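Working notes, structure below.
Hydrogens, waters and symmetry mates are skipped; everything else that's a heavy atom, side chains included, is used. The structure displayed is predicted, hence computed values, not measured ones.
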Amino acid sequence: MLLNCTSSGPLDLLSNTSSTLTGGAVAVPKDSFSNALTKNIVAMLVWLALSIINGSMVHTFLRHSLFYENPRYIMFICMVINDALQLSLVTALYVVSYIFRKIHASVCCFLIMTAVLTTRSTPLILAGMAVERYISICFPLHYSQMCTVPRTLLLICVILILTATPPISDLLITVVNEPLSFFHTTIFCDHPLLFRHRSIYYKNCVFDGVYLSFVALTLLYTYCKIMLTARAASTGLVSVKRARNTVLLHGVQLLLCMLAFVVPSLQAALISLFPRFSLEIRYIFFLVVYIIPRFMSPVIYGFRDEQFRKYWTRYLACRNQSIIRVRPVLLKVNL
């Protein structure tokens, strides 16, 4: 199984002051002020840069009807919004773990549940986008009937319901097994510390293993079918090659998404071997698991898709020209 069930959840990388390893709690030394400041500034700058990129993409999408009337771009913009929300939440959790050792349990519950929802939504959105590419290449004559805007919106709703089920069930199990006063206490905001019941751990292992396997098989099937279509096309259609490469990149995205579920076990092993570098190990895995994969969506569609790139670069160019035009006016007013 791709999922290593020694990890407690996809957000275990965000704790910076304590770590729960197999066999007991292990204290982790606090970071120095300069190191903590540098790490948080880098995280905030990356968040700001990606937020600007994602915001410009959403603005481009909303300004042109040919995008929000196309199922492909609707799925894409859902991915962008999901990535932006996930990046904002995990960055906030990372910064909060440095500034406050403990926060209110109810606030932590909201942050953790929303972050888990967005983390688990990404693979299912990838599967939906891969199926859309598969239909457009293998069933081009039926594409307009099979891939419609209402069906795409329905698929997005189904994805939200499926990914919201595990965190909601975590909350219900916790409410049943913990006193209500627990949510009025202050805790270090970490998934296994908030949802402590052992059944939650086993439930999430089963759920993550099943749905990640489903997504992996979906991507593998669609890629193979597109490959067979590409071989059968005697002219070597460019659209087929692009669809094949897009699904292949979706597979890379999925592997990066799986890191959020697999890496905590590797991180725990490395910390046990090199306890002096525990904070550096956590920071590196934080960048690799949560930051770098967020660059994939802009690369796959923002730069590779010719139609979206044309309107996106036009919007960025107009934005820069408007800023340049405003400056002389402001200078004249000041004078």
Side-chain angles (χ1 to χ4, degrees), residues 1 3-28 82 85-124 157-212 257-265 267-268 282 285-286 289-290:
M1 183 181 291
L3 181 68
N4 191 328
C5 290
T6 59
S7 63
S8 300
L11 298 175
D12 293 353
L13 303 181
L14 299 180
S15 68
N16 294 292
T17 58
S18 65
S19 177
T20 304
L21 305 177
T22 305
V26 177
V28 177
N82 184 79
L85 182 58
Q86 182 192 22
L87 182 65
S88 299
L89 287 168
V90 297
T91 303
L93 284 168
Y94 188 82
V95 173
V96 164
S97 69
Y98 271 104
I99 299 176
F100 307 103
R101 286 188 60 86
K102 295 181 179 181
I103 63 174
H104 205 271
S106 58
V107 176
C108 176
C109 183
F110 172 77
L111 293 174
I112 290 290
M113 290 180 65
T114 310
V116 169
L117 186 148
T118 54
T119 301
R120 288 195 168 109
S121 295
T122 301
L124 292 180
C157 291
V158 172
I159 290 174
L160 290 176
I161 292 173
L162 288 175
T163 53
T165 301
I168 291 176
S169 62
D170 293 348
L171 177 61
L172 294 177
I173 294 173
T174 303
V175 169
V176 171
N177 292 277
E178 299 284 351
L180 292 179
S181 59
F182 171 74
F183 293 96
H184 298 286
T185 60
T186 57
I187 64 170
F188 181 76
C189 194
D190 194 24
H191 187 277
L193 299 180
L194 178 65
F195 302 115
R196 300 181 292 184
H197 199 268
R198 197 63 180 171
S199 61
I200 295 176
Y201 164 76
Y202 293 114
K203 173 185 67 66
N204 288 336
C205 279
V206 174
F207 178 85
D208 293 337
V210 170
Y211 105 107
L212 286 175
C257 292
M258 286 181 176
L259 290 177
F261 301 87
V262 178
V263 161
S265 302
Q267 175 183 272
R282 291 177 184 278
F285 279 127
F286 168 72
V289 173
Y290 290 108

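In this view, Thr174 satisfies the side-chain hydrogen bond (donor to acceptor under 3.5 Å, both in side chains) rule with no residue, not counting sequence neighbours. Listed by chain and number, the residues in a ring-ring contact (aromatic ring centres under 6.0 Å, His included) with Phe207 are Tyr211 (sequence neighbours excluded). Remark: Thr118 engages no residue in a side-chain hydrogen bond (donor to acceptor under 3.5 Å, both in side chains) (not counting sequence neighbours). Shown here are the disulfide (SG to SG under 2.5 Å) partners of Cys108, two or more places apart in sequence or in another chain: Cys189. Remark: His197 pairs with Ile173, Asn177, Ser199, Ile200 by the side chain to side chain contact (heavy atoms under 4.5 Å, CB included) rule, at least two apart or across chains. Partners of Lys102 under the salt bridge (Lys or Arg N to Asp or Glu O under 4.0 Å) rule, at least two apart in sequence or in another chain, do not exist in this structure. For Ala164, the side chain to side chain contact (heavy atoms under 4.5 Å, CB included) partners are Leu117, Ile168, not counting sequence neighbours. Partners of Ser106 by side-chain hydrogen bond (donor to acceptor under 3.5 Å, both in side chains), not counting sequence neighbours, listed by chain and number: His104.
The nearest pair of heavy atoms linking Cys109 to Phe195 is SG-CZ, 4.2 Å.
Looking at Leu162 and Arg120, their side chains never come closer than 4.5 Å, going by heavy atoms from C-beta outward. Side chains of Leu194 and Phe182 form a contact here, defined as non-hydrogen atoms less than 4.5 Å apart.
Rounding to the nearest 0.5 angstrom, the gap separating the CG atom in Leu89 from the CG atom in Leu111 is 6.5 Å. Distance check, rounded to the nearest 0.5 Å: OG1 of Thr186 to CD1 of Ile103 gives 9.5 Å.
Sorted by first and then second residue, the salt bridge (Lys or Arg N to Asp or Glu O under 4.0 Å) pairs involving residues 177-187 (not counting sequence neighbours) are Glu178-Arg196. For residues 164-175, the pairs satisfying salt bridge (Lys or Arg N to Asp or Glu O under 4.0 Å) are Asp170-Lys203, with sequence neighbours left out.
Residue Leu172 qualifies as enclosed at atom CG: its count of foreign heavy atoms under 6.0 Å is above 12.
Thr91 places no side-chain N or O within donor-acceptor distance of the main-chain N or O of Ser88, the cut-off being under 3.5 Å. With hydrogens and angles disregarded, a donor-acceptor distance shorter than 3.5 Å links the side chain of Thr163 to the backbone of Leu160.
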